[in-house]
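Since we're looking at a predicted model, the values are computed, not measured. Chain letters run A, B, ... following the sequence lines, proteins first, then strands; residues in each count from 1.
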2 protein chains.
Amino acid sequence: MKLSTKGRYGLRAVLDLAVNYGQGQVSIRAIADRQKISEYYLEQLFKKLRKAGIVQSIRGAHGGYVLNRSPDEITAYEIIRILGETIEISECIEATTCSNIDSCATRPLWIRIKQSIDAVLKTTTLQDMVDDYKKITISKDGGQDE
Amino acid sequence: MKLSTKGRYGLRAVLDLAVNYGQGQVSIRAIADRQKISEYYLEQLFKKLRKAGIVQSIRGAHGGYVLNRSPDEITAYEIIRILGETIEISECIEATTCSNIDSCATRPLWIRIKQSIDAVLKTTTLQDMVDDYKKITISKDGGQDE
DNA sequence: TTTAATGTTGACAAAATTAGTCTGATTTCT
DNA sequence: AGAAATCAGACTAATTTTGTCAACATTAAA
Ligand code: FES
Ligand code: FES
């Protein structure tokens, strides 16, 4: 069970925007460079994020993307879902029923797992993650921003 | 993010054994029938379970499989891991470090998610699941065993 | 007004993983 | 001997994921 790169790359990219929140737009190329992700692939992901209203695009020369809301108002859950990542574990969990529910004793377990994952994702904002991240890097190299 | 059929089918199959625990061996064909899973595919899964000592095989005519331990001593976590299912979310979580950990702010999140999944799996025994299952079916059709 | 940088879109291709099947052997019971 | 089952490993098919590309649209700056 692994999150696909959609979710992993996408969240890292959005986090890059969160770190730079309030300092103007960031281009896909810059993110691709920093995060070592294909520029073309990121385009796909930002398409979804823009349609969902998470980010705003600034077109033209020196354009880029900006978060539409403050990082502490965006949860990891939103991002993951928008990127098309499903936290289903088993297909029949989101549905209210399942064709062979009578011979299946695993449903309650999958549901509990899904709930515990969702709980973590929903209570984690981008700001939380940025804070954690800064704590690590600062303790390592003495800080990089003024 | 989905559990592969290895984990889903495998756990259902083992649960089938757990329901019949103490009543002798169960053949793969019987499980395949009840759970609507390919007989050949199940063979693959039981191969792993046998090597890991979860089940014991009884060869020859009227053979089958039996749980090697009591259902309340086997956790869902064990089964899932033995079947080769990884609960990694991201590749670099099990490892103590990661090549681009410096530009990645998502690690703490993935770790917390993994821990919450593991917690659920480790605290759920086959017996727990059988109990849940019986509760449902009994309330539905008035019970099926004597 | 031109130019260059960037976003936008949809289609496509490559790679990896998962899922499922098959054949043949061995063992044990009747 | 014959039937019913496991055991082992190879093999294929299907699906999903990942990544790439080309053509176009929009805007800012020169
Ligand atoms: S297979 Fe659908 S609930 Fe288990
Ligand atoms: S990519 Fe390895 S820790 Fe995030």
Does CZ in B:R29 sit with more than 12 non-hydrogen atoms of other residues, nucleotides or ligands closer than 6.0 Å?
-> no

Could you tell me the separation between the CD atom of B:Q56 and the P atom of C:dT28, rounded to a whole number of Å?
-> 13 Å

Taking atom P of C:dT18 as reference, at what distance in whole Å does atom CG of B:L3 sit?
-> 11 Å

Where along residues 40-52 of chain A does a heavy atom come under 4.0 Å from DNA chain D, residue by residue in number order?
-> A:Y40, A:Y41, A:Q44

Can you find a side-chain donor-acceptor pair between B:T125 and B:E73 that sits under 3.5 Å?
-> no

Over how many whole Å does the gap from B:I28 atom CD1 to C:dT27 atom P extend?
-> 17 Å

Between C1' of D:dT18 and CG of A:L83, the distance in whole Å | 14 Å

How far does CE of A:M129 sit from CD1 of A:I79, to the nearest 0.5 angstrom?
-> 10.0 Å

Could you give the NZ-to-P distance, from A:K6 to D:dT18, as a whole number of Å?
-> 7 Å

On DNA chain C, nearest-nucleotide positions of A:S27 versus A:K2: which is more 5'?
-> A:S27

Side-chain touch B:K2/A:I87, heavy atoms, less than 4.5 angstrom | no

When the distance from CZ of A:R8 to C1' of D:dG19 is rounded to whole Å, what number comes out?
-> 14 Å

Between D:dT6 atom C1' and B:L17 atom CG, what is the distance in whole Å?
-> 14 Å

When rounded to the nearest 0.5 angstrom, what distance separates OG1 in A:T106 from OH in B:Y133?
-> 10.5 Å

Between B:I58 and B:E85, which is nearer to the 5' end of DNA chain C once each is assigned its nearest nucleotide?
-> B:E85

Decide yes or no on side-chain contact (heavy atoms from CB on, under 4.5 Å) for B:V66 and B:I58, but give the supporting numbers first.
-> CA-CA 8 Å; B:V66 188; B:I58 293 157; 3.7 Å; yes

Working for salt bridge (Lys or Arg N to Asp or Glu O under 4.0 Å), residues A:E78 and A:R69 = CA-CA 12 Å; A:E78 283 183 89; A:R69 277 181 278 154; 2.7 Å; yes

Does B:T5 have a side-chain nitrogen or oxygen under 4.0 Å from the phosphate oxygens OP1 or OP2 of C:dA19?
-> yes

Of C:dA19, D:dG19, C:dT6, the nucleotide closest to the side chain of A:Y9 is D:dG19

B:H62 side chain, from C-beta outward: closest of C:dC29, C:dT18, C:dG7 | C:dC29

If you check the A:S38 side chain, which of D:dA3, D:dT20, C:dT18 turns out closest?
-> D:dT20

Is A:R59 side chain donor-acceptor paired with the D:dA25 base, going by distance under 3.5 Å alone?
-> yes

Phosphate oxygens OP1/OP2 of D:dA5: is one of them under 4.0 Å from a side-chain N or O of B:S57?
-> no

What is the distance, rounded to the nearest whole Å, between atom CD of B:E39 and atom P of D:dT6?
-> 8 Å

B:S4 side-chain N/O to C:dT17 phosphate OP1/OP2 under 4.0 Å | no

Tell me yes or no: between the side chains of A:Y41 and A:T5, is some donor less than 3.5 Å from an acceptor?
-> yes

What is the nucleic acid contact for A:G60, judged by heavy atoms within less than 4.0 Å: base, sugar-phosphate only, or nothing?
-> base

